[in-house]
Amino acid sequence: MKSMLALVLLAVSAAVFAQDADADKSPALGKERAADLQASERFIKADTRVSKTATVTIKGKAVPYKVTAGTQPVWDKDGKVSATLFYTYYQRTDVADKGKRPLVLSFNGGPGSASVWMHVAYTGPKALNLDAEGYPTQPYGVHDNPHSILDVADIVFIDPVNTGFSRVLDGKSDRARFFGVNADIAYLAEWVSTFVSREGRWTSPKYLIGESYGTSRVAGLALELQNAQWMYLNGVVLVSPTELGIKRDGIVADALALPYFAATAWYQKVLPADLQARDLKDLLPEVEAFTVDELLPATARGGFIDPQAKARIAAKFARYAGLSEEYVVRSNLSVPVESFWKELLRKQGKTVGRLDSRYLGIDRSDAGDKVDYNAELTSWLHSFTPAINQYLRVELGYKTDIKYNLFGDVHPWDFKNEKTGENLRLAMAANPYLKVMIQSGYYDGACTYFDAKYTMWQLDPSGKMKDRLRFEGYRSGHMMYLRSEDLAKANDDLRDFIRQATPAPNAPAKY
């Protein structure tokens, strides 16, 4: 039987080969062959959409909505399609005038990360199947999100080039046009303008939300949309923000990590008994004050610090960080964050996660200063990958053979001329409506919460706009919304921010 099948396949192959040879001679057959090849190759069309309707219960009330998954082109300066971006757009359908309804445009970071994280775990009407603390559970998938902000705003989740299903379509396109701080901002601003025009949302109050590197993206977009697209925003939300180009080199960067060390040590229950007995939010202000008022001035003296002063600072540092005084002294009062992940629970044979230090890992050896892997990220990929693929391809019916890139090829990324924090400040100064909220998890070791506070303090050195800047902290990590209690609180904070930043009818934008 197998021999017969082999002969049949051989005959079919010979016939196909003959057709290929004939196709070279015949223009008509050549076109058919080209069509066959196009049908079998992996590619995604530049302009597509599929839609369905559904209802989700939020805050005990039914919210009907329409979800659209699709692609929208990116054009080059000559009007030629060079790439396409995939998006998922949620619109509440029982709204009389969508021109008055807030619109939230959502980006994740990386750079090179798709929008999946906030899409199916935070603000959207679907939430990931997880336990109460954010760990993967099976069966994988999503369920209705009772905390989604869809009750107060429509949301579009956007995948930049080479993330999600988004791709470069013109092989001759210069990668530098897409993969850099300012290039990314420029093409995305134009894409957003086109999307808003297509969907008739120019009069809607508009908000940007970005996570991690996505905060650099939306901070820069705030000014680019104003200057290049004449689009003015009502709010920008920075979730687990990066430095936004605001410098904090050397001892400043090192010192800012201590409150994060304290939060993690408190969570892992390795602080001295008197500190461990206190609530985290009662403890952290004390650690923050020590960091700014004592640790920074001490480390500023470097090797010329008085030995007794060094010993006193080291003792307090160790006490707050859950580390030994000897280790802190050997580190010259500046413990590298990467070493902390390995050192904190070394005696227990465990490491703590980078993006969320509640997560534990185990290394081949307890020696050394580097962890073998990021415990939290492997956990997250566990649950996000099957869920987003099942949701988009099966539940929403978006059909493509293209791989959904949770992390895509966007390197080398041009980080030069990163001034997104200053750009956001200038956008706020030029637009009296514009407000900013920062959301950070206390156990985030990549974009620490105190570093985020420092970003907020330095964003407007004059202090003239500090009443338009807001900080919220949560008892979780980089993706604070994975913990069910913080999913509810963080969305409530967003809901409140949107309501406060949406002006009353006829309220003028003026100082």
Side-chain angles (χ1 to χ4, degrees), residues 36-56 63-74 81 83-91 93 105-110 112-130 136-145 148 150 154-169 191 195 198-199 211 214 377-410 479 481-482:
D36 289 343
L37 281 171
Q38 189 180 47
S40 62
E41 289 176 348
R42 281 188 177 183
F43 76 104
I44 191 161
K45 292 181 179 179
D47 215 338
T48 63
R49 62 170 50 203
V50 296
S51 298
K52 65 175 290 187
T53 57
T55 300
V56 62
V63 176
Y65 68 91
K66 176 183 177 182
V67 51
T68 300
T71 54
Q72 178 185 291
V74 176
V81 173
T84 188
L85 299 194
F86 182 78
Y87 66 92
T88 313
Y89 178 36
Y90 295 91
Q91 306 171 74
T93 54
L105 299 112
S106 181
F107 295 92
N108 272 91
S113 176
S115 66
V116 54
W117 316 101
M118 290 197 292
H119 179 183
V120 294
Y122 189 10
T123 55
K126 296 293 181 180
L128 212 59
N129 291 343
L130 302 167
T137 59
Q138 289 188 343
Y140 297 124
V142 296
H143 59 272
D144 283 354
N145 180 6
S148 170
L150 188 58
D154 294 340
I155 319 164
V156 56
F157 299 92
I158 302 163
D159 292 332
V161 170
N162 279 9
T163 73
F165 293 140
S166 302
R167 294 294 187 274
V168 176
L169 297 181
W191 189 95
F195 179 85
R198 284 186 171 194
E199 299 299 329
E211 179 179 71
L377 187 56
T378 55
S379 175
W380 297 341
L381 291 172
H382 235 272
S383 46
F384 277 92
T385 309
I388 191 64
N389 278 283
Q390 184 74 6
Y391 177 60
L392 294 177
R393 298 175 192 275
V394 179
E395 290 191 41
L396 298 190
Y398 191 85
K399 302 301 182 184
T400 179
D401 289 328
I402 290 288
K403 180 172 72 171
Y404 188 89
N405 287 335
L406 273 80
F407 299 103
D409 175 18
V410 301
M479 296 196 287
Y481 43 83
L482 297 184

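Being a predicted model, the structure only gives us computed values, none of them experimental.
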(request) State which residues pass side chain to side chain contact (heavy atoms under 4.5 Å, CB included) with Thr163; sequence neighbours excluded, sorted by chain then number. (result) Ala114, Asp159, Pro160
(message) I want to check something: taking the side chain as every heavy atom from C-beta on, are Trp191 and Ile158 in contact at a cut-off of under 4.5 Å?
(response) yes
(request) Could you walk me through whether Val168 and Asn162 pass side chain to side chain contact (heavy atoms under 4.5 Å, CB included), step by step? (result) CA-CA 7 Å; Val168 176; Asn162 279 9; 4.1 Å; yes
(request) Supply the atom-to-atom distance Phe86 CZ to Thr48 OG1, rounded to the nearest 0.5 angstrom. (result) 7.5 Å
(message) Could you check whether any side-chain heavy atom of Thr68 comes within less than 4.5 Å of a side-chain heavy atom of Tyr87, counting everything from C-beta outward?
(response) yes
(message) Does any part of the side chain of Val116, heavy atoms only, come nearer than 4.5 Å to the side chain of Asn108, both counted from C-beta?
(response) no
(message) Quick check: Phe384 with His119 (ring centres under 6.0 Å apart)?
(response) no
(message) Just so I know, are the side chains of Arg49 and Tyr89 near enough to count as touching, which here means a heavy-atom distance under 4.5 Å?
(response) no
(message) Glu395: which residues meet the salt bridge (Lys or Arg N to Asp or Glu O under 4.0 Å) condition with it, sequence neighbours left out?
(response) none
(message) Are Trp117 and Phe407, when compared by the centres of their aromatic rings, separated by less than 6.0 Å?
(response) yes
(message) If I take atom CG from residue Leu406 and atom OG from residue Ser115, how far apart are they, to the nearest 0.5 angstrom?
(response) 9.5 Å
(message) Do Tyr140 and His382 make a side-chain contact, defined as non-hydrogen atoms from C-beta onward lying under 4.5 Å apart?
(response) yes
(request) Determine yes or no for a side-chain-to-main-chain donor-acceptor pair under 3.5 angstrom, with Asn145 supplying the side chain and Gly124 the backbone. (result) yes
(message) Would you say Glu211 and Tyr481 are linked by a side-chain donor-acceptor pair, where the criterion is simply a distance under 3.5 Å?
(response) yes
(request) Kindly compute the distance separating CG (Leu85) from CZ (Arg167), expressed to the nearest 0.5 Å. (result) 11.5 Å
(message) Is it the case that the side chain of Thr84 and the backbone of Ser166 share a donor-acceptor pair, with hydrogens and angles ignored and the cut-off at 3.5 Å?
(response) no
(message) Could you measure the distance from the CD1 atom of Ile402 to the CZ atom of Arg393? Nearest 0.5 Å is fine.
(response) 9.0 Å
(message) Quick one, Asn129 and Gln138 - any side-chain contact, counting heavy atoms below 4.5 Å?
(response) no
(request) Taking the side chain as every heavy atom from C-beta outward, state whether Val120 and Phe157 have any pair of such atoms under 4.5 Å apart. (result) no
(message) I need the Tyr65 OH to Thr55 OG1 distance, nearest 0.5 Å.
(response) 8.0 Å
(request) Mind checking the CG-OG spacing from Leu482 to Ser383? Nearest 0.5 Å is all I need. (result) 7.5 Å
(message) Please give me the minimum heavy-atom distance between Arg198 and Asp47, naming the atom from each residue.
(response) NH2-OD2, 2.9 Å
(request) Could you check if a side-chain atom of Leu392 sits within less than 4.5 angstrom of a side-chain atom of Phe165, using non-hydrogen atoms only? (result) yes
(request) Mind listing the closest non-hydrogen atom pair of Leu396 and Lys52 along with its distance? (result) CD2-CD, 3.6 Å
